[in-house]
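Presented below is the structure to which this report refers.
We use all heavy atoms of the structure for the numbers below, so side chains are in, but hydrogens, waters and symmetry mates are not.
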Amino acid sequence: MSMRATSFIMLDGQAAEAIEFYREALNSKLLFKTTYGEGKNADSLPEEVKTRISHAVLQTGENDLMVADIFPGQPYAIGDQVNICITATQQSEIEEMYNKFSEKGQVMFPLQETEFSPCFGIVKDRYNITFQFFMNDTTSSWS
């Protein structure tokens, strides 16, 4: 099994600003950044949503740091800004982990295909920690 656990910072409209801050403060390299407006359903989005960051990856030393804005209307509570993103290369691995976390956890985003992953979901586990499950062809394909 090829798997990584990565810190994922979720913000409410400040992701672009935070990315610039972390790039400078942590001497990070921006590996990937996309907005909601660059996605498949961009035409149906309000203008103010299109500029929000849907996903970004910073290389910070030997680690990745992910940053994004929540989609307007999603619940946002102080304390939920840092998630743990579990990335694996096999859909069966993602499904198995997601299902185990879902058993006594709260599904925040059902496991499904998205524009950035063939298999993605979010669960707040029984300890109130938010985990994102993300399938990627390779666990480090941001460059």
Side-chain angles (χ1 to χ4, degrees), residues 1-102 105-125 127-143:
M1 167 161 53
S2 179
M3 184 181 79
R4 292 179 72 160
T6 305
S7 299
F8 200 131
I9 298 171
M10 300 296 296
L11 298 168
D12 190 12
Q14 303 90 14
E17 178 184 328
I19 289 165
E20 290 309 311
F21 173 75
Y22 296 136
R23 281 181 62 194
E24 183 179 327
L26 299 173
N27 194 28
S28 299
K29 177 183 176 186
L30 182 63
L31 301 179
F32 177 82
K33 181 173 76 171
T34 188
T35 64
Y36 287 105
E38 295 169 319
K40 288 189 258 184
N41 300 319
D43 293 340
S44 63
L45 298 176
E47 286 304 313
E48 64 272 12
V49 174
K50 291 180 180 181
T51 59
R52 284 182 170 233
I53 306 298
S54 62
H55 192 64
V57 180
L58 295 164
Q59 183 178 20
T60 305
E62 295 180 19
N63 301 293
D64 289 341
L65 176 63
M66 297 180 184
V67 182
D69 285 312
I70 63 167
F71 193 84
Q74 285 183 304
Y76 184 78
I78 300 300
D80 285 347
Q81 297 94 332
V82 178
N83 297 195
I84 298 169
C85 184
I86 304 295
T87 306
T89 57
Q90 299 296 316
Q91 185 164 336
S92 60
E93 294 170 339
I94 292 295
E95 290 171 348
E96 182 178 348
M97 290 182 284
Y98 177 90
N99 290 335
K100 285 180 182 177
F101 274 70
S102 298
Q106 177 186 4
V107 171
M108 307 299 287
F109 187 87
L111 195 63
Q112 61 189 274
E113 183 176 347
T114 65
E115 61 194 44
F116 55 85
S117 174
C119 187
F120 175 79
I122 303 173
V123 175
K124 189 174 282 196
D125 74 7
Y127 307 105
N128 216 29
I129 306 299
T130 303
F131 283 81
Q132 297 187 25
F133 295 92
F134 175 82
M135 187 192 130
N136 198 354
D137 305 278
T138 161
T139 59
S140 60
S141 67
W142 306 113
S143 51

Item to check | For Q74, all residues meeting side-chain contact (heavy atoms from CB on, under 4.5 Å), sequence neighbours excluded | outcome: I70, F71
Item to check | Closest contact, heavy atoms only, I53 versus A16 | outcome: CG1-N, 3.8 Å
Checklist entry - D125 side chain to Y127 main-chain N or O, any donor-acceptor pair under 3.5 Å? => result yes
Next on the checklist: Using the side-chain contact (heavy atoms from CB on, under 4.5 Å) criterion, which residues pair with Q90? Sequence neighbours excluded.
Outcome noted: S92, E93
Next on the checklist: Which heavy atom of I84 sits nearest to which heavy atom of A5, and what is that distance?
Outcome noted: CG2-CB, 4.2 Å
Item to check | Exercise: identify the closest heavy-atom pair between G37 and A42 | outcome: O-CB, 2.9 Å
Item to check | Euclidean distance, E95 CD relative to C119 SG, rounded to 0.5 Å | outcome: 5.0 Å
Item to check | Which atom of G13 lies closest to which atom of R52, heavy atoms considered | outcome: N-NH1, 3.5 Å
Next on the checklist: Under the rule for side-chain hydrogen bond (donor to acceptor under 3.5 Å, both in side chains), what residues qualify as partners of E20, not counting sequence neighbours?
Outcome noted: R23
Next on the checklist: Within the 4.5 Å heavy-atom criterion, are M66 and T87 side-chain neighbours or not?
Outcome noted: yes
Checklist entry - Is there a side-chain contact between I19 and L58 (heavy atoms, below 4.5 Å)? => result yes
Checklist entry - Considering residues at least two apart in sequence or located in another chain, which fulfil the side-chain hydrogen bond (donor to acceptor under 3.5 Å, both in side chains) criterion with T51? => result none
Next on the checklist: Once rounded to the nearest 0.5 Å, what's the spacing between atom CG of N63 and atom OG of S7?
Outcome noted: 8.0 Å
Next on the checklist: Restricting to side-chain hydrogen bond (donor to acceptor under 3.5 Å, both in side chains), what partner residues turn up for Q81, sequence neighbours left out?
Outcome noted: none
Checklist entry - Which residues pass the ring-ring contact (aromatic ring centres under 6.0 Å, His included) test with F101, sequence neighbours left out? => result F131, F133
Checklist entry - Atom CZ of F134 and atom SG of C85: how far apart are they, to the nearest 0.5 Å? => result 6.5 Å
Next on the checklist: Taking side-chain contact (heavy atoms from CB on, under 4.5 Å) as the definition, give me every residue that meets it alongside A25, ordered by chain and number, with sequence neighbours left out.
Outcome noted: F21
Item to check | Listed partners of P118 passing side-chain contact (heavy atoms from CB on, under 4.5 Å), at least two apart | outcome: M135
Checklist entry - Any side-chain heavy atom of M10 within less than 4.5 Å of one from Q132? => result yes
Next on the checklist: Just to verify, what does K124 make a side-chain hydrogen bond (donor to acceptor under 3.5 Å, both in side chains) with, not counting sequence neighbours?
Outcome noted: D80
Item to check | Test item: I94 and L111 side chains (from C-beta on) under 4.5 Å apart, heavy atoms | outcome: yes
Checklist entry - Just wondering, more than 12 heavy atoms not from Q112 lying within 6.0 Å of its CD? => result yes
Checklist entry - Backbone N or O of G105 within a donor-acceptor pair of the S102 side chain at under 3.5 Å? => result no
Next on the checklist: Could you work out, with ring-ring contact (aromatic ring centres under 6.0 Å, His included) as the rule, every residue matching F120, not counting sequence neighbours?
Outcome noted: F109, F116
Checklist outcome for this item: E96 meets the salt bridge (Lys or Arg N to Asp or Glu O under 4.0 Å) criterion, sequence neighbours left out, with K100
Checklist entry - Which pair of non-hydrogen atoms, one from A68 and one from F8, has the smallest distance, and what is that distance? => result CB-CE2, 3.6 Å
Next on the checklist: Can a donor-acceptor pair be found, under 3.5 Å and without considering hydrogens, that links the side chain of S54 to the backbone of T34?
Outcome noted: yes
Next on the checklist: Given 3.5 Å as the limit, does a donor-acceptor pair link the side chain of D69 with the main chain of A15, or not?
Outcome noted: yes
Checklist entry - Looking only at heavy atoms, what is the nearest atom pair of T6 and D64, with distance? => result CG2-O, 3.2 Å
Checklist entry - Would you call I86 and M3 a side-chain contact if the rule is heavy atoms closer than 4.5 Å? => result yes
Item to check | Y36 side chain to L45 backbone, donor-acceptor under 3.5 Å | outcome: no
Checklist entry - Would L26 and L65 count as a side chain to side chain contact (heavy atoms under 4.5 Å, CB included) if you check the C-alpha gap in whole Å, the side-chain angles of each, and the deciding distance to 0.1 Å? => result CA-CA 10 Å; L26 299 173; L65 176 63; 4.3 Å; yes
Checklist entry - Going through the checks in order, is the side chain to side chain contact (heavy atoms under 4.5 Å, CB included) test met by I122 and T130? => result CA-CA 7 Å; I122 303 173; T130 303; 3.5 Å; yes
Next on the checklist: Considering only residues two or more places apart or on different chains, which pairs with a residue in residues 36-49 satisfy salt bridge (charged side-chain N to carboxylate O under 4.0 Å, His left out)?
Outcome noted: E47-K50
